[in-house]
Amino acid sequence: MFADSRVLVTGGTGYVGGRLIPLLEQRGIRVRCLARRPEFLQPRVGPATEVVAGDVLQPETLVTALRDIETAFYLVHSMGTGKDFEDEDRIAARNFAEAAKRNGVRRIIYLGGLGEEQQQLSKHLRSRQEVGNILHESGAQVIEFRASIVIGSGSLSFELIRALVQKLPVMLCPKWVSTPAQPIAIEDLLSYLLAAMDLPVGPSDIFEIGGPDQMSYSEIMREYARQRGLKHWMISVPFLSPRLSSLWLGLVTPVYARVGRKLVDSLRNPTLVTNSRASEVFAIRPRGVSEAIARALVNEDHELTATRWSDALSASGRPKRWGGIRFGTRLVDSREVDIGVSVEAAFAPIQRIGGQTGWYYGNWLWRLRGWLDLLVGGVGMRRARRDPVELENGDTVDCWRIESLEANRRLRLVAEMKLPGRAWLEFEVEPTDHGSRIRQTAIFDPVGLTGLAYWYAIYPLHEFVFGGMLNGIATTARESAEPVTAWRPSALNQVAWLIGFIFLCFASAGLGAAATSTSVGGWYQTLAKPSWNPPDWLFGPVWSALFFMMAVSAWLVWRSHGWRAARPALNWFGIQLALNVTWSFLFFGLHRPGLAFAEIIALWLAIVATCLAFQGKSVTAAWLLTPYLTWTSFAAILNFAIWRLNS
C-alpha cells in the first residue's frame, strides 16, 4: 500500500464493493467512492469516506474521481443492462483506463471471471476478461483476480441457490447445473482484494482464485439443502435453453430474466482454477463450500444482509432503478406516507407502538392472532411492553422483539410468534422538504412451500392491517403536533349527521327489501323450513328496529370523535352494511341459500369487527349493535337449516 494515499472504489453499491468499503474503512484507509447516484451510497459509508458523482460511461466525470488516487478498485460490470452490455463494459473500461493514465494512478485492482481463454467463452465471461485486458492500457499495475461462483449471504449465486432449493422440492435440472465450478467464499474474496494492496510495485498479474472444492451448481444445491434440513430431488432434462432457463429463474428466484440469461449462458463454461499462483503469492487459504454456506446462513440468521447483488444500480438496467418485492426468498410489503410534522413528532407514535397503546388499527385482529399463536405454543400478545414510552434494543413488544432501534430514525422488530419462516416489521422516518416521511416495511423469509402459502394467504390482510396501521401512526403524529382542541360538533351538525346515518341505514334496508320482494311471496314460500322459523310478519319490525339502532350507534361514534378519528371504525360499519345488502341479493335474488350462508358468516365477522372497533370509541355504540349481532347469529342458523332442508 502506498503511504498516505487515497483509494478509489467503483461499484460501491454492488455486492462486493459494498462489503469492501467498510473493511477499507476499518483499516484506516482514506476511501473515495464513485457512484452514479451518490445519495444512494452516502448513507451506507462512514463519515470519513468521500462519495463523488460519476459514471464510467461518462469520461468527463472521472477526472475529479481519480485525482490524487494511487490505487483504484474496478468492480464495475454491466450484466444487468441490455443486449449491448459487452459494448458498455468495453467503453467503460477504456474510459477508466484513459482517465487513470492521465491522473497517474499506480495500481488498479480488478475482479473478473474464471474461464480458459482458448474455450468458446460466453459473452459475460469473455467481456470480464476483455475488461482486464483494456485496463492494462492504463499503464498502471493491474492486479486481476478471476473468480468463479461467490458464496455469501446476499450474493447472486447464493440467493439463486437458496431460492431454488427452498421453493422447488422437485426441480427439473438443465445441463448447466452440472458444469464444474470452483466456488469461493465472499470473506476469502475480500481477503484477496485487500491483500493485493500490499503487493510490491511491479508488473501486472492475473490470479485465479477459488476454494478447495470443485463443485457444480447441483452439488452446491444439495449441500445447501442438507444444511437447511430440506429434502430436494433433481431430475435432469436436456431441453431447457438459456432463454427458457432465464425466464424460469426470473419466476422462481430473485434473478431478473435478462441477468439470468447471461448468467445461465456463462454457466456452460467450466470455471476452475488452473494454476496455483495465488496460493504462492498470498498467505490466504480459502475455506470449502460447506463452511462458506454455513457462514452465509449464520449471517442470514443474525440479521438482514448488509449488501445484496441487487443493490447494484446496474442490476435493473439503465436508466430504471432496481426495485421490487422479492429479495432472495424474502418477500417484502412496503408502504410510506408523507406528513407535515417534524421527524421527532413522526417517530413518537412509532416508539409507543404495542402494549397499552395498541397497533393503531385492527387491534382485535392482533389479539386474535395472539390467541391463535398461544394455541400452537407461541408467545401470543401477553408480554406487552416494559415501558409505555421508552424502548431499548432487545425489549419485547407483544409478540415482537426489538432488533434495532435508532432514536427518531428507525425501529426494526423481529417476530417471535410461531411462523413458517421469519418475519420483521420495520419503521423508518426521514426528513422531507415539507415535514417527514414514514416508511413501513414488512419482511417475511418463508420456509418452503408452507411459508409461501402462509404469506399469500394473509397478504390481503396486509392492505387493511398494515395500511391502517401506517395511517393510524400518521394521524396520531399529526394530532400530537397540533394544538389539542376538543371535538364539539354543533347541535345542527349533530342533527344533520344523525339524519344522514338513518338515511344510509334505511337506504340499505330498502335495497335489501327490493331483492327480498322478488321472491318472498313466491320462491321463498315453496321452501321447506324448520318448525322454529319465525312468522313472516316479524321480520319487518325487527329489521326496522335493528337498522335504527345501527344508525344511532354509528352516529354516537361520530359524535364522540369526529369523522377523521372515527374513520377506521366507521369503515368497518360500512363493510358490514354492504355485506348485509349482499346477503338479501344472494338469498332472495339469486335463490342461493348455500352461497348466502357463506356470505352471512362473513357478515357476522364484520359485525364483530365493528363492535370491537366501536367499543374503543363509545361503549354505548357497541352495546347498541349487540341485538343486531344476536339476530344475525339466529339468521345464520336459520339460513343453514333452510339450505340443508332444501339441498
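FYI, the numbering just counts along the sequence from 1.
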TODO: Run the ring-centre check on Phe96 versus Tyr74 and record whether the distance is less than 6.0 Å.
DONE: yes
Open item on the list: In the structure I gave you, are the side-chain heavy atoms of Leu41 and Cys33 within less than 4.5 Å of one another anywhere?
Closed with: yes
Task: Close side-chain approach of Ile443 to Leu331, heavy-atom, < 4.5 Å - done: no
Task: Centroid-centroid under 6.0 Å between Phe207 and Phe282 rings - done: yes
Task: Test: Glu430 and Arg439 ion pair at under 4.0 Å - done: yes
Task: Smallest separation among heavy atoms of Thr13 and Arg44, with atom names - done: O-NH1, 4.1 Å
Open item on the list: Which residue in the set Val9, Leu62, Val76 passes side chain to side chain contact (heavy atoms under 4.5 Å, CB included) when paired with Leu34?
Closed with: Leu62
- [ ] Taking ring-ring contact (aromatic ring centres under 6.0 Å, His included) as the test, write out the residues that go with Tyr454, two or more places apart.
- [x] Phe444
Open item on the list: Looking at every heavy atom in both Leu75 and Val16, which two are closest together, and how far apart are they?
Closed with: CD1-CG1, 4.3 Å
Open item on the list: Under the rule for side-chain contact (heavy atoms from CB on, under 4.5 Å), what residues qualify as partners of Thr64, not counting sequence neighbours?
Closed with: Arg67
- [ ] Could you tell me which non-hydrogen atom of Val63 sits nearest to which non-hydrogen atom of Arg102, and how far apart they are?
- [x] CG2-NH2, 4.4 Å
Task: Closest non-hydrogen atom pair, Ala442 against Phe466 - done: CB-CE1, 4.0 Å
Open item on the list: Using side-chain heavy atoms (C-beta onward) and a distance below 4.5 Å, is Phe145 in contact with Leu193?
Closed with: yes
TODO: Would you name the heavy atoms of Pro180 and Leu272 that are closest together and state the gap between them?
DONE: C-CD2, 4.0 Å
- [ ] Could you tell me whether Glu428 and Arg409 have a side-chain N and a carboxylate O separated by less than 4.0 Å?
- [x] no
- [ ] Determine the sole option in Leu413, Val414, Leu411, Asp395 for which the side chain to side chain contact (heavy atoms under 4.5 Å, CB included) test with Trp400 is passed.
- [x] Leu413
Task: Minimum side-chain heavy-atom gap Ile134-Arg90 below 4.5 Å - done: yes
Task: Under-4.0 Å salt bridge between Glu208 and Arg146 - done: no
TODO: Looking only at non-hydrogen atoms, find the nearest pair between Ile21 and Gly12 and report the distance.
DONE: CD1-CA, 3.8 Å
Task: Student check: side-chain heavy atoms of Ile184 and Arg287 closer than 4.5 Å - done: no
Task: Short N-O contact, Glu70 and Arg107, less than 4.0 angstrom - done: no
Task: Glu219 and Arg222 ion-paired at < 4.0 Å - done: no
Open item on the list: Asn133: which residues meet the side-chain contact (heavy atoms from CB on, under 4.5 Å) condition with it, sequence neighbours left out?
Closed with: none
TODO: Tell me, with the steps shown, if Lys101 and Glu98 meet salt bridge (charged side-chain N to carboxylate O under 4.0 Å, His left out).
DONE: CA-CA 5 Å; Lys101 188 173 185 178; Glu98 292 174 358; over 6 Å; no
Open item on the list: Any non-hydrogen side-chain atom of Asp68 less than 4.5 Å from a side-chain atom of Arg6?
Closed with: no
